[in-house]
Amino acid sequence: MPETPNGVIEAWLAQFDEALRSHNTDKALELFDDESYWRDFVSFTWNLKTLEGKEDIRRMLDATLADVQPSNWILAEDATGDAANTEAWVNFETAQAGGYAHLRLRNGKCWTLLTTMQELKGFEEKKGVNREKGVAHEITKGRKSWLELKEEQEARLGYEDQPYTVIIGGGQGGIGLGARLRRLGVPTIIIEKNDRPGDSWRNRYKSLHLHDPVWYDHLPYIKFPDDWPVFAAKDKIGDWLENYTRIMELNYWSKTECTNARFDESSQEWVVEVVRDGEPVTLRPKQLVFALGVSGYPSVPTFDGAESFLDEQYHSSKHPGGGDWTGKKAVVIGSNNSAHDICADLWEHGADVTMVQRSSTHIARSESLMDLALGGLYSEQALANGVTTEKADLLFASLPYRILPAAQIPVYAEMAERDAEFYSQLEAAGFDLDFGVDGSGLFLKYLRRGSGYYIDVGASQLIIDGRVKLANGEVGKITGNAVVMANGAELEADAIIYATGYGSMNGWLADLVSPEVADAVGKCWGFGSDTPKDPGPWEGELRNMWKPTNVDNLWIHGGNLHQSRHYSNYLALQLKARMEGLPTPVFERQPTHHAR
């Protein structure tokens with residue numbers, strides 16, 4: 001009788017459990033394929049770490065087993081596949097935590113293993129049957145209401161009482177992480193320079209909508225309603241973030257700007273100088289998190305003659321949108337998401353628009369991306385198939401970055417075939433297309449460099465039709481009224497918009513802490529793929545994101561809505577463990593290969 005998927009997995013788990021309990025690394029390694037990958041999120045390594053091959057895995061197990069004490073590896077639900085290719089969701093425990101894993105076997109040997117910490121024993125979230133009562137059913141004089149207690153706590157925190165964690169940046173990342181920490185009982189203040197939560201969205205150009213679909217974009221704990229539009233407008237997202245902040249009872253300091261931060265070695269705490277609504281305040285948290293988006297400062301190239309330009313020129317982050325551009329000529333330098341959105345906005349409001357494409361760009365039509373790349377994980381059909389948001393996040397994470405391109409290349413090959421006419425029309429218009437250096441498409445470009453792509457929501461047709469003009473090549477110089485290309489072509493301009501991206505996130509550290517700290521942390525984002533804008537050596541995980549950096553007590557949080565939601569869980573658990581004084585021996589912090 002053929003072996004069932006459950007039988008194959010259970011036999012493997014039993015042997016694995018026994019090998020780990022007895023600290024028999026050799027026996028454990030016999031269960032892994034020669035080509036094998038173990039990706040761990042905090043549960044074994046107190047890090048985000050990918051081990052590639054048996055020797056990497058041996059090194060990790062030898063270093064961690066005595067402390068981790070893993071046990072009780074059991075199926076969380078029925079396995080899938082067959083005896084040759086089997087997949088399963090698995091529960092397990094460590095000495096300090098409850099874990100959840102995803103396992104792939106090939107011919108009975110492990111090909112990929114993802115292990116994640118889900119909760120700390122003794123410090124679980126107070127939810128479900130463990131939720132707080134909320135009121136004492138005993139009548140006493142002078143008892144205080146929920147609102148009074150809340151207002152008292154808010155008034156004291158940051159003044160009489162110090163937070164354990166300060167999050168610099170109150171956008172989607174800071175808000176989601178703040179919610180996780182609130183649930184874990186970690187006193188936290190989120191500081192944000194804007195007037196209201198959600199203003200980082202509201203302040204962008206008025207036509208901005210999310211390019212990612214709703215199923216991909218939920219915040220922790222509270223999902224968007226099931227009638228929420230697939231692609232929400234920026235102001236709608238801003239309102240959601242503002243209300244989420246209130247509902248989740250976050251200590252959110254708006255109209256607050258950090259002016260300086262330094263680590264006090266004697267007290268082992270940060271000294272964070274902020275100005276709150278015009279008043280200076282000094283905060284002294286143990287942990288400091290920078291959650292300032294997916295990138296650093298706006299990057300504006302230096303062109304000869306730029307100072308002589310007589311009209312408006314600004315970075316895309318400053319583009320207000322709307323207005324009357326009738327009769328005006330606008331040149332947008334750049335050809336990625338923001339450039340396309342801004343070109344469309346300018347054209348819509350009457351401008352004569354030219355896009356300057358300096359390097360090739362990957363374009364994926366929104367409908368094709370949703371169907372081919374996202375549909376299996378984030379869609380109504382995925383939900384109907386039992387793939388919840390949480391499972392989708394873990395499934396996406398279950399493919400280590402080393403093998404992710406091989407999984408993505410067929411997706412984008414099919415996209416190229418499906419949308420061949422669309423791509424042919426774009427190329428006929430002179431647009432320089434690519435699918436990534438290896439054909440792996442949008443997600444790998446995003447992870448490697450955070451740029452170089454556009455999700456088409458209509459602007460490509462403007463280029464195909466010639467309604468938005470296209471100029472290819474490098475900019476030679478700028479004159480008082482034109483952008484002059486290196487080939488001598490002159491593009492008359494009443495406005496120049498630089499849709500030229502952003503620097504690394506550690507750029508913020510140089511100004512707010514020190515250049516030395518920024519360089520000690522090193523470059524953020526990318527994983528050493530040795531492709532354009534992601535220099536080697538190979539590192540295997542995104543640099544410095546959501547895990548211990550090379551500067552103690554300093555953390556970087558960011559990413560798109562999906563990443564902010566998923567990885568905030570692991571960052572929150574690391575912070576909670578440190579607050580409670582639990583041992584958190586970090587296995588192999590990433591070396592700093594690249595400074596700012």
>> Working note: Ile57 + Ser36, criterion side chain to side chain contact (heavy atoms under 4.5 Å, CB included); need CA distance, chi angles, decisive distance, verdict.
In response: CA-CA 9 Å; Ile57 295 169; Ser36 51; 3.9 Å; yes
>> Could you go through Trp38 and Thr115, starting from their C-alpha distance and side-chain angles, then the distance that decides it, and tell me whether this counts as side chain to side chain contact (heavy atoms under 4.5 Å, CB included)?
In response: CA-CA 8 Å; Trp38 184 339; Thr115 49; 2.8 Å; yes
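- Classification of Arg565 and Glu390 as a salt-bridged pair fails, no side-chain N sitting under 4.0 Å from a carboxylate O.
- For the pair Tyr252 and Ile175, the minimum side-chain heavy-atom distance is below 4.5 Å.
- Here the rule is side-chain contact (heavy atoms from CB on, under 4.5 Å) with Arg543, and of Asp534, Asn506, Thr549, Ile556 only Asp534 fits it.
- For Tyr100 and Trp89, the ring centers are positioned less than 6.0 Å apart.
- Under 4.0 Å is where a charged nitrogen must lie from a carboxylate oxygen, and between Arg58 and Glu55 at least one such pair does.
- When each of Arg39, Arg402, Lys49, Arg589 is paired with Glu541, the salt bridge (charged side-chain N to carboxylate O under 4.0 Å, His left out) condition holds for Arg39 and for no other.
- Between the side chains of Asp40 and Ser43, at least one donor N or O sits under 3.5 Å from an acceptor N or O.
- Going from atom CZ of Arg183 over to atom CG of Asn569 covers 10.5 Å, rounded to the nearest 0.5 Å.
- Ion pairing between Arg284 and Asp264 holds under the 4.0 Å rule for side-chain N and carboxylate O.
- Classified by interplanar angle (parallel below 30°, tilted 30° to 60°, perpendicular above 60°), the ring pair Trp73/Phe92 is parallel.
- Between His362 and Tyr412, the ring centre distance stays below 6.0 Å.
- Ion pairing between Glu35 and Arg106 holds under the 4.0 Å rule for side-chain N and carboxylate O.
- Aromatic rings of Trp508 and Phe290 (six-membered ring for Trp) have centroids beyond the 6.0 Å cut-off, not under it.
- Note that CG of Leu442 and CZ of Phe435 are 10.5 Å apart. Values are rounded to the nearest 0.5 Å.
- In the model, Gln574 has no side-chain atom that pairs as donor or acceptor with a side-chain atom of Trp546 under 3.5 Å.
- The line from CG of Leu447 to CG of Leu404 is 7.0 Å long, rounded to the nearest 0.5 Å.
- Using modelled atom types, one finds a donor on one side chain and an acceptor on the other under 3.5 Å when comparing Glu87 with His102.
- Taking 4.5 Å as the limit, every side-chain heavy atom of Glu18 sits out of range of all side-chain heavy atoms of Lys27.
- Rounding to the nearest 0.5 angstrom, the gap separating the CD1 atom in Ile403 from the CD atom in Gln408 is 11.5 Å.
- Checked against the 6.0 Å centroid threshold, Trp46 and Tyr570 do not count as a close aromatic pair.
- Atom CH2 of residue Trp555 and atom CE of residue Met545 lie 12.5 Å apart, to the nearest 0.5 angstrom.
- In this model, a donor atom of one side chain and an acceptor atom of the other lie less than 3.5 Å apart for Asp393 and Tyr378.
- Salt bridge annotation for Arg418-Asp371: present, with a cationic side-chain nitrogen under 4.0 angstrom from a carboxylate oxygen.
- Residues Ile455 and Leu369 come closest through the heavy atom pair CD1-CD2, 3.8 Å.
- Side-chain atoms of Gln590 and Thr592 include no donor-acceptor pair closer than 3.5 Å.
- A salt bridge does not link Arg180 to Glu125: none of the charged side-chain nitrogens sits closer than 4.0 Å to a carboxylate oxygen.
- Within the model, atoms CG of Leu184 and CG of Leu120 stand 7.5 Å from one another, a figure rounded to the nearest 0.5 Å.
- The pair Asp438-Arg448 meets the salt-bridge criterion, since a charged nitrogen lies less than 4.0 angstrom from a carboxylate oxygen.
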